[in-house]
Amino acid sequence: MVSGPLQTSAHQPPANVRLTEHHAHLYEYGRSLTMVDASTVESAEALLDALADAVASSERAGRSCTRAFAARPEAWSSPEWPSLADLDRVTGKRPCCVWCFDYHAMLANTTALMLAGITASTPDPNGGVIGRDASGALTGVVYERCAGDVWNAMPDDGDAQRRRDTINAAKRFAGPFDEIHDLRSQIWLGSVLKAACETQGVDKRFVLYPLVDELDLALEGSRGWACDQVRLGGGKIFVDGTLNSRTAWMTRDYTDPMAGHPRGVAMMTPDAIEEAVRRCDEAGLPIAAHAIGDAAVRAVLDAIENVNPKTTGHRIEHAEVVDEADVPRFAKLGVTCSVQPCHLLYDIEAIRRFLPDRAARVLPLRELIDAGCKPGELLLFGSDAPIVRPDPADSLQAAIERRRVGMDESEAIAPDQAISFNEALECYLAR
Ligand SMILES: [Zn+2]
């Protein structure tokens, strides 16, 4: 199994072109630069060692908790998180949490779980899963909404730290990007970015997609921050989870599914998706729907078809697995397919293990273009940073080669869906 840091692709964008990052999370990217990076950890023991060091140094720095990100147990030789007892042993009573690299699963110690009100007797809430062993005891691993609950219950960083992290992210997104789309924008993000442009010399454009549930608040706030460089793009919803966590909503059963969730987790009902499309349409804005599994992608296309909104520019984010029958519907309905091919480089093990029968349906870029999704218009590329690094060469590599640098051709995922360098570059170009 290939793991460890990704090698740099030979497919680099030319130095003189300006690009748009169509899917990122600015504040989270900035904060990730201050967290324990677990991306190079290759076993449960190594993770525990890294956390023990981090706990000691955060104690010295006077910080109240320890956060880590980018753990990828799927690629470890023994793909199991450490036990909750072992985690508690190295982290003690200080809250500690470790994001899986896809931000849909998390390992948390007992203190962090308790801050979120999670004990062995807590039932799974809608849209969330609390990991338990055969005896019903907590494993410390929580999924989807429960991971978000634990994260939100961690001690607050404070406004000043948030501002610093966001501005740091805006500056670190240097290089070829002229425009950055933020795909789950906090209510305060617009004013922080406007100030960064005005006082910190940040000379990029930002397009914000707050949650549909917060759209009214965002519309009101945007009167104070909308400007040449910062604008409201639309409303964001989450329809399912991810492939790695086996929470992406699929039309068919996973091989080796999560207990009780043979086809993943639908986080919204069809009615709720239609309602969200309607709310955006009333505000004169498009929707941007997180949909990774083929059932989630279909549910969003159905909702847009049923509502028949007046606004244009609706986007499906990720669309990692798309059924053949749904491919022509993107161009027919004018829905943009906003993908992050770079995820393929990280998801190869999960696809082989959990979706061997659906591997041919992963990121069908060739079919989408042939069915009328013009690169740069109805087919867009991004990275989803900080889920993965924001290096456009990674998405070019995945779209053109369908495998990591150094992997044998026979290991490519759905090689028939490869597209050309020029087509892939068009999906990243700033307009
Ligand atoms: Zn995202």
Side-chain angles (χ1 to χ4, degrees), residues 20-33 35 39 69-72 99-106 127 143-145 147-148 151-152 165-166 169-170 172-173 177 179-187 189 193 206-214 218 232-245 247-249 264-265 267-268 273 276 286-293 296-297 300 314-321 335-347 350 363 379-392 394-395 398 427-428:
T20 294
E21 163 63 79
H22 291 100
H23 188 129
H25 301 275
L26 276 165
Y27 166 56
E28 289 80 359
Y29 179 60
R31 190 171 46 189
S32 76
L33 301 171
M35 290 161 57
S39 63
F69 74 106
R72 201 157 76 93
W99 279 113
C100 179
F101 79 96
D102 66 6
Y103 283 81
H104 287 256
M106 171 191 276
Y143 301 89
E144 303 301 338
R145 193 180 134 188
W151 181 249
N152 291 331
D165 288 344
T166 303
R172 285 283 285 271
F173 251 104
F177 296 109
E179 183 169 302
I180 297 159
H181 295 203
D182 186 275
L183 264 298
R184 190 197 168 149
S185 307
Q186 296 83 357
I187 287 302
L189 186 66
L193 289 172
F206 300 96
V207 185
L208 275 47
Y209 290 82
L211 292 176
V212 168
D213 284 345
E214 297 176 346
L232 193 56
K236 176 84 187 279
I237 55 171
F238 286 84
V239 177
D240 68 344
T242 70
L243 292 182
N244 259 281
S245 300
T247 49
W249 180 18
V265 178
M267 292 170 66
M268 293 177 76
I273 302 169
I287 200 157
H290 167 119
I292 289 186
V297 170
V300 176
H314 301 279
R315 295 168 46 155
I316 294 184
E317 302 300 319
H318 312 306
E320 212 163 333
V321 186
V335 174
T336 297
C337 191
S338 167
V339 294
Q340 301 75 40
C342 47
H343 283 206
L344 177 69
L345 307 177
Y346 296 81
D347 282 349
L363 290 177
L379 186 62
L380 304 179
F381 282 5
S383 71
D384 209 4
I387 309 283
V388 299
R389 63 186 179 188
D391 183 346
D394 289 343
S395 275
C427 296
Y428 252 127

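We count ligands from 1, going down the list as the structure has it; atoms in each ligand are counted the same way. Values below: all heavy atoms of this structure, side chains included; hydrogens, waters and symmetry mates excluded.
Within a radius of less than 2.8 Å around the Zn ion (ligand 1), the protein N, O or S atoms are His23 NE2, His25 NE2, Asp384 OD1.
Contact check for Glu317 versus Ser338: side-chain heavy atoms found under the 4.5 Å cut-off. Phe381 is listed as a side-chain neighbour of Val339, based on a closest heavy-atom distance under 4.5 Å.
In this structure, His23 has its ring center no closer than 6.0 Å to that of His343.
In this view, Trp99 and Tyr103, Trp151 satisfy the ring-ring contact (aromatic ring centres under 6.0 Å, His included) rule, not counting sequence neighbours.
Under 3.5 Å, the side chains of Arg315 and His181 contain a donor-acceptor pair of N or O atoms.
Among the candidates Gln340, His25, His290, the single residue satisfying the side-chain hydrogen bond (donor to acceptor under 3.5 Å, both in side chains) test with Asp384 is His25.
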